[in-house]
Amino acid sequence: MAAVVTNRRVILKRYVQTGLPSEDDMEVVTAKTTLAVPAGSEAVMVKNLYVSCDPYMRGRMTRHEVPSYVPDYIPGEVITNCGVMKVVSSGHPDFKAGDLVWGVTGWEEYTLVNNPKPYLHKINYPEFPLSYYTGVLGIAGLTAYGGFFEVSKPKKGDYVFVSAASGAVGQIVGQLAKITGCYVVGSAGSDEKVKLLKTKFGFHDAFNYKKELDLEGALKRCFPEGIDIYFDNVGGAMLDAVLPNMRIGGKITACGMISQYNLERPDGVRNLFYFVSKSLRMEGFLVSNYIAIYHRYEKEMAGYLREGKVVYVEDIVEGLEAAPAALMGLFTGRNVGKQLVAIAWE
């Protein structure tokens with residue numbers, strides 16, 4: 001008879017239409033689950049080791065009349081996102097018990113993955129911390145790589161600015177820019193993070209945007225010759241301040257806009273005419289556009305990590321009970337580095 005175990009899980013209690021969600025909008029509940037997969041199915045049962053906290057999850061907590069690019073969470077159901085897992089049982093020929101995998105899973109102790117392909121991926125470089133597959137060797141890393149090389153298309157000598165530069169994606173973009181031979185500056189929201197950018201990640205310069213009364217002037221100070229590439233993770237006032245500082249023919253890569261996610265009415269951008277006068281281009285992207293190049297990226301990044309050309313900083317909290325607060329902390333800048341939750345240590 002298949003083992004039945006308790007399964008603690010984080011569910012969404014209610015939709016949050018506007019404003020900053022609170023920990024109380026989520027709840028840790030206890031259910032039961034069977035560790036065996038349904039007979040005759042190709043499902044995979046996994047034990048979750050780590051799950052990721054990401055800003056885009058805020059949008060999934062809102063009920064959309066017009067469907068968004070990812071499905072809304074459903075109140076009463078488990079919150080899902082990327083994670084690192086160990087296979088417990090499997091009906092799929094490509095996965096067996098004991099395999100270490102990463103992909104989409106639930107914020108819970110055990111998850112039944114009914115369609116493991118294309119949602120689960122084998123971990124090919126277990127010599128690195130498994131948690132890296134929630135970040136630098138997972139979706140955050142692919143986001144940085146795809147956005148920077150496929151959208152920004154940098155050249156050696158380019159002047160590159162990265163906002164939210166100490167976050168899961170920004171820290172990787174900055175280091176890839178350095179590897180490419182670019183001059184790179186980052187912004188962050190604390191002196192601790194600015195120090196990290198300059199001493200740990202090797203940014204040429206960095207500033208604390210919360211201490212700058214004039215963002216446009218701060219950028220002019222850091223980039224007297226102007227900016228070739230802006231990798232935008234925040235939107236809002238920073239984007240507006242960047243536009244006058246762009247060089248002719250500059251490129252803005254829109255990766256995220258965390259400053260806007262909790263506003264009832266998004267901020268406007270006033271400096272749009274610079275798109276005309278400076279012949280600028282702005283392009284957004286989704287990481288799903290680049291899933292096909294993941295294995296190329298994984299191999300390349302594993303090399304950079306081995307050689308010390310890329311380092312990665314994580315902010316790990318322990319236990320599902322800590323997950324709601326960790327997610328909310330992304331929107332107040334509480335995290336330092338990639339935010340994730342350790343559910344079980346393997």
Next on the checklist: Count I, L, V, M, F, W, Y as connected when their side-chain heavy atoms are under 4.5 Å apart, and connections chain through other members. Are Ile139 and Ile293 then in the same cluster?
Outcome noted: yes
Checklist entry - Parallel, tilted or perpendicular: which describes the rings of Tyr183 and Phe223, with under 30° parallel and over 60° perpendicular? => result perpendicular
Checklist entry - With a cut-off of 6.0 Å (strictly less than), are more than 12 heavy atoms of other residues, nucleotides or ligands near CD of Glu127? => result yes
Next on the checklist: To the nearest 0.5 Å, what is the distance between CE on Met61 and OH on Tyr73?
Outcome noted: 8.0 Å
Item to check | Taking every non-hydrogen atom, the tightest pair across Val160 and Cys182 | outcome: CG2-CB, 3.8 Å
Checklist entry - Are Pro38 and Leu112 close enough that some pair of their side-chain heavy atoms sits under 4.5 Å apart? => result yes
Checklist entry - With a cut-off of 6.0 Å (strictly less than), are more than 12 heavy atoms of other residues, nucleotides or ligands near NZ of Lys200? => result no
Item to check | Shortest non-hydrogen contact between Val169 and Ala140, atoms and distance | outcome: CG2-O, 3.8 Å
Next on the checklist: Any salt bridge linking Arg221 with Glu212? Criterion: basic side-chain nitrogen under 4.0 Å from a carboxylate oxygen.
Outcome noted: yes
Item to check | Under-4.0 Å salt bridge between Glu150 and Arg296 | outcome: yes
Next on the checklist: In this structure, is the centre-to-centre distance between the rings of Trp102 and Phe128 below 6.0 Å?
Outcome noted: no
Checklist entry - Cluster question for you: counting only ILVMFWY and a side-chain heavy-atom cut-off of under 4.5 Å, with indirect links fine, are Val310 and Tyr290 together? => result yes
Next on the checklist: Can a donor-acceptor pair be found, under 3.5 Å and without considering hydrogens, that links the side chain of Gln17 to the backbone of Arg63?
Outcome noted: yes
Next on the checklist: For Ala168 versus Tyr312, what's the shortest heavy-atom pair and its separation?
Outcome noted: O-OH, 3.1 Å
Checklist entry - Nearest 0.5 Å, what's the CD-CD distance between Glu321 and Glu23? => result 12.0 Å
Next on the checklist: The test is side-chain contact (heavy atoms from CB on, under 4.5 Å); show your working for Asp72 and Tyr15 and say whether it passes.
Outcome noted: CA-CA 9 Å; Asp72 300 341; Tyr15 284 124; 4.3 Å; yes
Checklist entry - If we only count heavy atoms from C-beta on, is the Cys255 to Thr143 side-chain gap below 4.5 Å? => result yes
Checklist entry - Do we see a donor-acceptor contact under 3.5 Å between the side chains of Tyr145 and Glu300? => result yes
Checklist entry - Do Thr62 and His64 come within less than 4.5 Å of each other through their side chains, counting heavy atoms only? => result yes
Next on the checklist: For Lys117, is there an ion pair with Glu42 - N to carboxylate O distance below 4.0 angstrom?
Outcome noted: no
Checklist entry - Ile172 and Met301: side-chain contact (heavy atoms from CB on, under 4.5 Å), yes or no, with the steps? => result CA-CA 10 Å; Ile172 303 171; Met301 181 52 71; 3.9 Å; yes
Next on the checklist: As a quick check of understanding, evaluate side-chain contact (heavy atoms from CB on, under 4.5 Å) for Tyr133 and Tyr50, giving each step before the final call.
Outcome noted: CA-CA 9 Å; Tyr133 278 87; Tyr50 299 95; over 6 Å; no
Next on the checklist: Between the side chains of Arg14 and Asp24, is the shortest nitrogen-to-carboxylate-oxygen separation below 4.0 Å, so that they form an ion pair?
Outcome noted: yes
Checklist entry - Taking everything shown except Gln260 itself, do over 12 heavy atoms lie less than 6.0 Å from its CD? => result yes
Checklist entry - Are any of the side-chain heavy atoms of Met85 and Leu120 separated by less than 4.5 Å? => result yes
Next on the checklist: Could you report the tightest heavy-atom contact between Leu243 and Leu272, atom names first, then the distance?
Outcome noted: CD1-N, 4.3 Å
Item to check | Side-chain H-bond candidate by donor/acceptor type, Thr253 with Ser152, under 3.5 Å | outcome: yes
Item to check | Carboxylate-amine/guanidinium contact Asp25 Lys13, below 4.0 Å | outcome: no
Checklist entry - Which atom pair, heavy atoms only, marks the closest approach of Val4 to Lys32? => result CG1-CB, 4.1 Å
Next on the checklist: Between Asn48 and Thr111, is there a side-chain donor-acceptor contact under 3.5 Å, judged purely by atom types and distance?
Outcome noted: yes
Item to check | Close side-chain approach of Asn262 and Pro21, heavy atoms under 4.5 Å | outcome: yes
Checklist entry - Are any side-chain N or O atoms of Arg334 and backbone N or O atoms of Ala325, one a donor and one an acceptor, separated by less than 3.5 Å? => result yes
Next on the checklist: For the CD atom of Glu109 and the CG atom of Asn7, what is their distance to the nearest 0.5 Å?
Outcome noted: 5.5 Å
Checklist entry - Could you give the distance from CG (Asn271) to CG (Leu239), rounded to the nearest 0.5 Å? => result 9.0 Å
Checklist entry - Within the distance-only criterion (no hydrogens, no angle test), does the side chain of Gln171 pair as donor or acceptor with the backbone N or O of Val313 below 3.5 angstrom? => result yes
Item to check | Stepwise side-chain contact (heavy atoms from CB on, under 4.5 Å) test for Phe161 and Met238 | outcome: CA-CA 11 Å; Phe161 174 52; Met238 188 67 79; 3.9 Å; yes
Next on the checklist: Run the side chain to side chain contact (heavy atoms under 4.5 Å, CB included) test against Asn208 and tell me which residues pass, sequence neighbours left out.
Outcome noted: Asp191, Val194, Lys210, Lys211
Checklist entry - Does Ser163 reach the main-chain N or O of Asn233 with its side chain, forming a donor-acceptor pair under 3.5 Å? => result yes
Checklist entry - Donor-acceptor pair, Lys193 side chain versus Gly333 backbone, under 3.5 Å? => result yes
Checklist entry - Do Met26 and Leu327 have side-chain heavy atoms sitting under 4.5 Å apart? => result yes
Checklist entry - How about Ser22 and Met328: do any of their side-chain heavy atoms sit closer than 4.5 Å? => result no
Checklist entry - Hey, is the main chain of Pro71 close enough, under 3.5 Å, to the side chain of Arg60 for a donor-acceptor pair? => result yes
Next on the checklist: Ignoring hydrogens and geometry beyond distance, is a side-chain donor-acceptor pair present between Asn81 and Tyr56 at under 3.5 Å?
Outcome noted: yes
Checklist entry - Donor-acceptor pair, Thr105 side chain versus Cys82 backbone, under 3.5 Å? => result no
Checklist entry - Under 3.5 Å, side chain of Asp232 to main-chain N/O of Gly235, donor-acceptor pair present? => result yes
Next on the checklist: Is there a continuous path of hydrophobic side-chain contacts, each under 4.5 Å between heavy atoms, that joins Tyr304 to Val136?
Outcome noted: yes
Item to check | Cation-pi, Phe203 ring and Lys178 (6.0 angstrom, 45 degrees) | outcome: no
Item to check | Connected via hydrophobic side-chain network under 4.5 Å: Val84 and Leu305 | outcome: yes
Item to check | Connected via hydrophobic side-chain network under 4.5 Å: Val16 and Trp107 | outcome: no
Checklist entry - In Å, rounded to the nearest 0.5 Å, how long is the span from CD1 of Ile291 to CG of Leu142? => result 5.5 Å
Next on the checklist: Working to the nearest 0.5 angstrom, can you tell me the gap between Asp240 CG and Asp267 CG?
Outcome noted: 9.0 Å
Next on the checklist: Please check this pair: side chain of Gln339 against backbone of Asp315, looking for a donor-acceptor N/O pair closer than 3.5 Å.
Outcome noted: yes
Checklist entry - With no hydrogens and no angle check, is any side-chain donor or acceptor of Asp205 less than 3.5 Å from a backbone partner on Val185? => result no
Checklist entry - Can you name the closest pair of heavy atoms from Ala254 and Met257 and give their distance? => result CB-CE, 4.4 Å
Checklist entry - Taking side chain as C-beta onward, heavy atoms only, is Phe95 less than 4.5 Å from Lys122? => result yes
